Colleague: 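The structure follows.
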Amino acid sequence: MAGVQDRVVVVTGAGGGLGREYSLLLAREGAQVVVNDLGGSRDGSGSDGSAADKVVAEIIEAGGRAVANHDSVATAEGGAAIVATALEAFGRIDGVVANAGILRDRTFIKMTDDDWDAVLKVHLYGAYNVIHSAWPHFREQAHGRIVVATSTTGLYGNFGQANYGAAKLGLVGLINTLAKEGAKYDIKANAVAPVAATRMTTDIMPQEVLDKLPPDFVAPLIGLLCGDELEENGATFVAGFGRYHRVELFHAAGAAFEKTPTVAELAAQWSSVVDLSSPQPGMGLSL
Ligand code: NAD
């Protein structure tokens, strides 16, 4: 099987923005797509199933294969129902693109527990709920592809997005471990931090920048990561402006001690601890 031809891929939050572009591209490439979207507003309030229905109609009109699902990713039941839609409509599930998202931007001093919970529930728990339901099928058939939507906010931080950044870097932690647990079952889990003009970014970047950020630029990377061509597993990418970059954590050569150093001894070696002039891929500490 080449690429995503005949693969069954769930795309969450696919009624608009990036998820819509991912679904259109996957369908064009021959995949059978479950277009999930609750159809809520940017802050997660409300719901309108017509967003997903419209994308499905667009795919079918173009000769592709897709079904809609309107469940929320934010509950375990929703995650199970989304995977059930794939099984009922197409008889299997080969991939999950965990893309659904909301924003509740506030500086940390103003952030409420509700802002924190709502964002974690959709992004981090939302990905977990769908992937956890799909995982036994991936294991059973010894094949699965997972792509989570991370963000440069998670990787590098951004003012007013503590909830969002925590959720987004949590997703990188999730795929790093799923990549290890899934490797011998041909389950690959990767993360993409997109940069694109959507309703999420429309008021936070100037129009001349947004004009260079059509969301369809990101979609080919999702198509590749859902297919069979790549070896990457547990990798993170940034994609936007027509550019595609792998991102990796590095560590400094560092300082090593045979015995527990004093504070003063550690301070004396500080320049080695923080010197990133010879960076090494951060594979964790080994003896
Ligand atoms: P968007 O608002 O257009 O898309 C998000 C979609 O998720 C919406 O259609 C919304 O209805 C859906 N959704 C929200 N809550 C849901 C729920 N509980 N269940 C199911 N669907 C739900 O925004 P977008 O820019 O296309 O964002 C897509 C993903 O990419 C998000 O995870 C976002 O955080 C991430 N991202 C986007 C950018 C960017 O530059 N646009 C940057 C970094 C990360």
Side-chain angles (χ1 to χ4, degrees), residues 10-25 34-56 68-83 85 96-105 117-130 147-158 161 163-172 174 191-205 209-219 221-222 236-241 243 247:
V10 166
V11 184
T12 69
L18 287 155
R20 173 177 168 274
E21 295 295 342
Y22 301 164
S23 299
L24 295 176
L25 177 130
V34 176
V35 177
N36 158 264
D37 208 301
L38 179 70
S41 61
R42 191 169 83 163
D43 70 1
S45 55
S47 62
D48 172 10
S50 67
D53 296 343
K54 279 186 200 144
V55 176
V56 168
N69 171 285
H70 310 115
D71 289 294
S72 172
V73 298
T75 64
E77 298 74 37
I82 293 164
V83 172
T85 297
V96 172
V97 181
N99 167 78
I102 62 168
L103 284 184
R104 296 276 187 96
D105 291 0
D117 286 344
V119 166
L120 271 281
K121 280 283 180 202
V122 175
H123 291 272
L124 187 56
Y125 285 72
Y128 163 77
N129 290 327
V130 182
V147 184
V148 297
T150 185
S151 167
T152 53
T153 295
L155 299 171
Y156 306 115
N158 194 25
Q161 293 196 309
N163 49 0
Y164 182 77
K168 288 309 204 187
L169 200 57
L171 289 165
V172 175
L174 174 67
V192 172
V195 186
T198 66
R199 71 176 188 178
M200 221 179 238
T201 48
T202 189
D203 53 359
I204 61 172
M205 288 191 238
V209 177
L210 292 169
D211 289 343
K212 296 184 180 133
L213 288 170
D216 57 275
F217 259 144
V218 184
L221 178 58
I222 306 300
T236 297
F237 302 87
V238 176
F241 295 101
R243 292 163 57 178
V247 175

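Order of appearance sets the numbers: ligands from 1, and atoms from 1 within every ligand. Small disclaimer: the values here were computed from a predicted structure and weren't measured. Any value given below was found using the heavy atoms of this structure, including those in side chains, with hydrogens, waters and symmetry copies removed. For this chain, numbers begin at 1 and follow the sequence in order.
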Colleague: Considering only heavy atoms of V195, which atoms of ligand 1 have at least one such atom less than 4.0 Å away?
Modeller: 40 (O)

Colleague: For ligand 1, find out whether one of its N or O atoms is nearer than 3.5 Å to an N or O atom of D37.
Modeller: yes

Colleague: Do M200 and L18 have side-chain heavy atoms sitting under 4.5 Å apart?
Modeller: no

Colleague: Only pairs under 3.5 Å count here: list side-chain donor-acceptor contacts from residues 73-83, not counting sequence neighbours, and write none if there are none.
Modeller:
from: T75; atom 1: OG1; to: G78; atom 2: N; distance (Å): 2.9

Colleague: Of the options D53, D37, T85, D48, which is the one that meets H70 in a side-chain hydrogen bond (donor to acceptor under 3.5 Å, both in side chains)?
Modeller: D53

Colleague: Are D203 and R42 close enough that some pair of their side-chain heavy atoms sits under 4.5 Å apart?
Modeller: yes

Colleague: Starting from atom 6 (C) of ligand 1, what is the nearest protein heavy atom, named by residue and atom, and what distance separates them?
Modeller: G13 O, 3.5 Å

Colleague: Starting from atom 22 (C) of ligand 1, find the nearest protein heavy-atom neighbour and note its residue, name and distance.
Modeller: A100 CB, 3.6 Å

Colleague: Which atoms of ligand 1 are found less than 4.0 Å from any heavy atom of I102?
Modeller: 14 (C), 15 (N)

Colleague: Please identify which atoms of ligand 1 are closer than 4.0 Å to at least one heavy atom of T201.
Modeller: 39 (C), 40 (O), 41 (N)

Colleague: Just distances here: any N/O of A196 and N/O of ligand 1 closer than 3.5 Å?
Modeller: yes

Colleague: Should the proximity of H123 to ligand 1, defined as any heavy atom under 4.0 Å, be assigned to the side chain, the backbone, both, or neither?
Modeller: side chain

Colleague: With heavy atoms of G17 as the reference, note each atom of ligand 1 found under 4.0 Å away.
Modeller: 3 (O), 26 (O)

Colleague: Under 4.0 angstrom from ligand 1, any heavy atom of K168?
Modeller: yes

Colleague: Kindly give the heavy-atom pair with the smallest separation between H123 and A100, and that separation in Å.
Modeller: ND1-O, 3.8 Å

Colleague: Touching ligand 1 at all, P194? Heavy atoms, strictly under 4.0 Å?
Modeller: yes

Colleague: Do you know which two heavy atoms are closest between A118 and I102, and how far apart they sit?
Modeller: O-CD1, 3.6 Å

Colleague: What is the nearest protein non-hydrogen atom to atom 5 (C) of ligand 1, stated with its residue, atom name and distance?
Modeller: G101 O, 3.6 Å

Colleague: Suppose I only count heavy atoms of V122 and a 4.0 Å limit; which atoms of ligand 1 are within that range?
Modeller: 15 (N), 18 (N)

Colleague: Distance under 4.0 Å to a non-hydrogen atom of N36: what atoms of ligand 1 satisfy this?
Modeller: 20 (C), 21 (N)

Colleague: Considering non-hydrogen atoms of the protein only, which is the closest contact for atom 19 (N) of ligand 1, and what is the distance?
Modeller: V73 N, 3.1 Å

Colleague: I'd like to check the ring-ring contact (aromatic ring centres under 6.0 Å, His included) partners of Y128; sequence neighbours left out, ordered by chain and number.
Modeller: H132

Colleague: Going by the atom numbers of ligand 1, which of them fall below 4.0 Å from some non-hydrogen atom of G40?
Modeller: 11 (O)

Colleague: Relative to the heavy atoms of Y164, which atoms of ligand 1 are at a distance of less than 4.0 Å?
Modeller: 33 (C), 34 (O), 35 (C), 36 (N), 43 (C), 44 (C)

Colleague: Looking only at distance, does T198 have an N or O less than 3.5 Å from an N or O of ligand 1?
Modeller: yes

Colleague: Do V209 and F241 touch side chain to side chain, with heavy atoms closer than 4.5 Å?
Modeller: yes

Colleague: I'd like the name of whichever of R42, M200, R199, E21 reaches closest to atom 8 (C) of ligand 1 through any heavy atom.
Modeller: R199

Colleague: Do the non-hydrogen side-chain atoms of L103 and Q161 ever get within less than 4.5 Å of each other?
Modeller: yes

Colleague: From the options L18, L38, N99, L210, select the one whose nearest heavy atom is closest to atom 21 (N) of ligand 1.
Modeller: L38

Colleague: I'd like to check L25 versus I222 (side-chain heavy atoms, cut-off strictly below 4.5 Å). Are they in contact?
Modeller: no

Colleague: Please say whether more than 12 non-hydrogen atoms of neighbouring residues, nucleotides or ligands are located less than 6.0 Å from OH in Y125.
Modeller: no

Colleague: Side-chain contact test, heavy atoms from C-beta onward, threshold under 4.5 Å: evaluate it for V195 versus M205 and give yes or no.
Modeller: yes

Colleague: Side chain or backbone of T150 under 4.0 Å from ligand 1, or both, or neither, by non-hydrogen atoms?
Modeller: backbone

Colleague: Answer whether the closest heavy-atom distance between the side chains of V172 and K168 falls below 4.5 Å.
Modeller: no

Colleague: Please confirm whether A51 approaches ligand 1 to less than 4.0 Å, judged on its heavy atoms.
Modeller: no

Colleague: What protein heavy atom lies closest to atom 18 (N) of ligand 1? Include the residue and the distance to one decimal.
Modeller: S72 OG, 3.0 Å

Colleague: Quick check: do V218 and V192 have side-chain heavy atoms less than 4.5 Å from each other?
Modeller: yes

